[in-house]
Amino acid sequence: MTITNKSTNINHEARNKQSLEAMAKKAHEKIRDDARNYFKEHGINDSNIDKFMLGSGDFDEYHRLTIPIFNRDGKIAYIKLWATPDYEEVKNMAEMMHQEVTIPEYAFYPTDVEPILIGEDQLIKSTSSDVLICESELDRIVAIQEGIKIPVVAKGGGVQIFKDEWIELLKNMRNIYVCMNDDETSKKLAQHISEHTPAASVYEISLPHEDNAATSLTNYFIEKRGTADELLSKYAKFYCGAKPIDASQFKEISVEDIASVLDSTIKYDFTNKVITFLAMLLTYTESDQQNIMFNADSSTGKTYICQEVSKYFPQQDVKKYATITPTAFFYSQSLREKDKETGQDFINLERRILIFTEQPDTQLQEKLRPLLSHDSKRIPFAITNKGSGGKNVAMEGYILGFSSAFFCSANMRIDEQEQTRCMILSPENTPEKIMAGIDASIARNSHKNIYDARISNNKNRRELMERILYIKSLKIDAIGINDSEYLKFKFMENRDALLPKVQREISHFISLVKAIALVNAPFRMKDGKIVAINKDIDEAAKLWAPLRESMSHGVSPQVLNFYKRYIIPIYRLKNKNATAETEGVTYDEIRKGYYSQTGSYPNMENVRKQYIPALRTASLIRCDKDKNDKRRINITPLEFFDDLENN
């Protein structure tokens with residue numbers, strides 16, 4: 001007598017009309033009591049039996065436990081079939097009868113599938129720099145159920161190897177925890193993974209066991225009553241790879257120190273690059289994220305600054321977009337997840353860095369406004385798209401979490417809604433910066449390998465990246481401020497009048513204070529929380545001073561600089577000898593005045609369609625038709641600045 005497992009030769013013809021989703025759902029709904037009890041005996045409660053769609057069903061002549069395995073898109077890739085609880089009994093009976101045992105403990109449906117890393121859908125979408133690798137599907141479910149907060153993946157019971165493409169999914173991880181059923185297997189796997197992920201610290205978890213017997217993660221949680229915290233702190237030991245981050249290596253740094261490191265690839269632009277870095281760092285807080293709008297002419301370096309600074313941050317946290325519509329954004333598979341309790345789709349923006357290298361669709365900006373304003377951490381949305389039959393199909397879901405958003409736009413006419421939600425920056429456009437850019441471009445393209453090696457081996461750059469990973473690992477909730485009166489004093493310093501717009505500025509100033517405290521987190525910890533001190537407020541004031549006027553008027557620094565350097569001086573010169581009524585300046589006078597100062601002509605298309613409308617909206621100028629020639633516009637400044645009084 002030979003006992004054969006016919007489930008490895010599944011009758012595909014009988015099921016070819018059923019989708020995997022339908023089969024998994026049916027197996028879950030029809031789960032037998034003994035199968036449910038088996039899962040519960042292995043520590044999985046009813047809630048998670050439902051959440052992970054565990055079930056049981058007949059596959060030809062044999063009844064099997066069913067475990068759906070999801071791919072990176074959240075769809076069922078295949079169904080894992082486990083032997084039923086009586087597997088050991090059948091196996092023992094066959095052995096007693098001296099019969100060949102051909103019932104494998106595990107099988108797949110369909111049979112010809114290529115096993116995937118179980119949990120890769122959550123790993124890819126997570127912003128965590130840590131991951132736990134365990135033995136089996138059920139171990140993974142129990143670990144998640146018992147409170148493991150980092151992504152948990154499993155190679156799956158019955159799969160003996162750990163594939164190279166699975167290791168590729170771990171390339172951005174900082175801490176990799178390996179927990180197999182026996183220590184020797186854990187060590188071998190840890191060593192293998194470390195050889196392909198040199199930037200990661202790999203830990204081997206040696207579970208407590210008795211009489212030299214192997215133990216599973218499920219056994220640790222259910223029988224030994226272990227905890228998630230103890231698993232990663234007490235039983236996880238550094239085994240190989242990059243040394244764990246030692247916070248004692250960090251020293252307190254200033255905004256000048258940050259700028260010095262960033263200077264390796266971003267020349268000049270002190271304020272812009274430091275604020276961009278600090279805003280990206282605030283991504284790793286619960287709700288203190290900041291939004292930046294780079295607003296300037298083309299080819300001034302808006303996108304370059306964002307992209308270069310983002311290279312310091314874990315790349316799984318950074319999402320870059322060019323032109324994108326609301327439909328494309330909300331249907332993007334890289335951010336979409338499925339709520340396994342409600343079945344609803346949602347966009348996971350928890351602690352993400354979003355970079356829009358081109359001005360996004362205005363409708364998308366409108367839909368993102370509640371998110372940028374932090375109105376709610378869970379924002380419902382509904383959009384339509386064309387279905388397979390050409391009909392409109394509605395999709396309802398929600399956006400989860402807060403992110404840091406960076407917009408790059410050459411459109412100077414900023415909607416007031418965006419003004420209140422973003423800090424507005426403009427890259428410098430000086431001859432010195434342009435020459436430095438030329439030198440850097442020559443060096444990068446002449447000897448690319450040497451240039452790249454010099455950048456990647458820069459000690460200060462690596463230390464700053466390590467600091468970011470350390471700060472991310474802290475999972476900061478909120479940042480306090482030690483002296484609110486001093487903060488108020490520094491913010492109000494040198495202000496002559498209080499305008500309503502000041503109310504929107506204070507939140508941006510506070511965010512800079514908190515970001516500077518965050519970058520010095522090891523030195524700002526108090527009772528487990530980060531608290532900003534007066535020194536952080538002083539540092540924030542250095543960054544805020546160059547932006548205060550432009551933010552107050554709601555225009556970009558580039559537009560305000562154009563107004564102060566050209567329009568006001570040209571107007572004053574024209575009306576130098578006026579004794580009564582003054583006369584505004586014309587476009588032609590602006591053009592000539594600009595040339596007299598710079599030796600080149602401005603882009604008058606931009607001046608007419610971008611600069612002047614922005615200045616007019618900000619109530620900095622008045623535009624009147626010329627009395628003698630109605631086709632001509634006279635531009636009159638309405639506000640003058642202290643730093644130009646002597647010009």
Side-chain angles (χ1 to χ4, degrees), residues 124-129 171-174 199 253 255 257-285 288-296 300-324 329 332 334-335 348-360 368 371-372 401-409 422-427 437 440 444 451-452 455-456 458 460-473 511-512 515-516 518-519 543:
I124 290 172
K125 293 171 181 176
S126 172
T127 60
S128 175
S129 296
K171 64 181 180 181
N172 291 321
M173 295 294 109
R174 184 61 182 83
I253 59 176
V255 293
D257 295 327
I258 297 171
S260 178
V261 179
L262 298 177
D263 192 57
S264 62
T265 57
I266 309 171
K267 306 300 181 184
Y268 296 91
D269 275 308
F270 174 88
T271 300
N272 295 314
K273 63 190 177 187
V274 173
I275 288 181
T276 301
F277 175 84
L278 293 174
M280 288 187 182
L281 194 67
L282 284 173
T283 301
Y284 301 125
T285 61
D288 286 321
Q289 288 81 3
Q290 182 59 259
N291 309 303
I292 302 291
M293 176 170 286
F294 270 95
N295 197 234
T300 53
K302 305 180 295 293
T303 301
Y304 180 79
I305 292 174
C306 286
Q307 292 186 331
E308 285 300 312
V309 173
S310 72
K311 291 177 181 178
Y312 287 80
F313 291 78
Q315 291 306 288
Q316 68 266 33
D317 301 343
V318 181
K319 299 295 179 184
K320 299 176 184 177
Y321 301 92
T323 304
I324 185 169
F329 182 83
S332 172
S334 65
L335 292 174
N348 188 355
L349 296 182
E350 190 88 37
R351 307 192 185 205
R352 304 274 188 178
I353 296 171
L354 306 181
I355 299 176
F356 297 90
T357 59
E358 300 290 342
Q359 183 72 9
L368 291 178
L371 171 75
L372 303 181
F402 298 129
S403 60
S404 300
F406 298 81
F407 303 97
C408 303
S409 174
C422 299
M423 291 181 65
I424 307 171
L425 305 179
S426 295
R444 182 168 54 249
Y451 179 87
D452 291 344
I455 297 301
S456 61
N458 184 303
N460 293 330
R461 182 184 177 93
R462 293 201 309 269
E463 287 182 354
L464 188 58
M465 294 172 76
E466 286 283 294
R467 185 184 289 254
I468 292 170
L469 289 172
Y470 166 74
I471 290 169
K472 178 180 178 178
S473 71
S511 73
L512 291 178
I516 293 167
L518 182 60
V519 80
L543 297 172

Note, [X] side chain near [Y] side chain (heavy atom, < 4.5 Å):
X: Thr357; Y: Gln307; answer: yes
X: Phe270; Y: Val255; answer: yes
X: Asn272; Y: Ile266; answer: no
X: Ser404; Y: Gln289; answer: yes
X: Gln316; Y: Ser128; answer: no
X: Arg174; Y: Met465; answer: no
X: Pro427; Y: Asp269; answer: yes
X: Phe294; Y: Thr303; answer: no

State whether the side chain of Gln315 and the backbone N or O of Ser310 hold a donor-acceptor pair below 3.5 Å, judged by distance alone.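 Present.
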Say whether, by atom type as modelled, one donor and one acceptor occur between the side chain of Thr271 and the main chain of Leu543 under 3.5 angstrom.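 No, the answer is negative, given that no donor and acceptor are paired below the 3.5 Å cut-off.
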Can you tell me how far apart [atom1] ([X]) and [atom2] ([Y]) are? Round to the nearest 0.5 Å.
X: Thr276; Y: Ile305; atom1: OG1; atom2: CD1; result: 6.0 Å
X: Arg351; Y: Thr285; atom1: CZ; atom2: OG1; result: 6.5 Å
X: Asn291; Y: Phe402; atom1: CG; atom2: CZ; result: 11.0 Å
X: Ser129; Y: Tyr470; atom1: OG; atom2: OH; result: 14.5 Å
X: Ser511; Y: Met423; atom1: OG; atom2: CE; result: 5.5 Å
X: Arg467; Y: Ile253; atom1: CZ; atom2: CD1; result: 4.0 Å

If you look at every heavy atom in Gly401 and Glu350, which pair is closest and at what distance?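 In this case the closest contact between Gly401 and Glu350 is CA-OE1, 3.5 Å.
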Between Tyr451 and Ser264, which heavy-atom pair has the shortest distance, and what is it?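 Minimum heavy-atom separation between Tyr451 and Ser264: OH-O, 4.3 Å.
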Determine, step by step, whether Thr265 and Tyr304 satisfy the side chain to side chain contact (heavy atoms under 4.5 Å, CB included) criterion, reporting the C-alpha distance in whole Å, the side-chain angles of both residues, the deciding distance to 0.1 Å, and the verdict. CA-CA 10 Å; Thr265 57; Tyr304 180 79; 4.0 Å; yes
According to ring-ring contact (aromatic ring centres under 6.0 Å, His included), who are the partners of Tyr284, at least two apart in sequence or on a separate chain?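 With neighbours one apart ignored, the set is empty.
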My understanding is that only residues two or more places apart in sequence, or in another chain, count here; which of them pass ring-ring contact (aromatic ring centres under 6.0 Å, His included) with Tyr268?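 Tyr268: no ring-ring contact (aromatic ring centres under 6.0 Å, His included) contacts found.
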Applying salt bridge (charged side-chain N to carboxylate O under 4.0 Å, His left out), which residue pairs with at least one partner in residues 271-280 are found, sequence neighbours left out?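 Every pair satisfying salt bridge (charged side-chain N to carboxylate O under 4.0 Å, His left out) with a residue in residues 271-280: Asp263-Lys273.
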Residue that, paired with Met280, satisfies side chain to side chain contact (heavy atoms under 4.5 Å, CB included) out of Ile275, Ile355, Asp317, Ile292: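 Exactly one option meets the side chain to side chain contact (heavy atoms under 4.5 Å, CB included) with Met280, and it is Ile355.
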Candidate list Leu518, Val309, Ile353, test side chain to side chain contact (heavy atoms under 4.5 Å, CB included), partner Leu281, passing option: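 Single pass found, and it is Leu518.
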Ring center gap for Phe313 and Phe277 short of 6.0 angstrom: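 Yes, ring centres under 6.0 Å apart.
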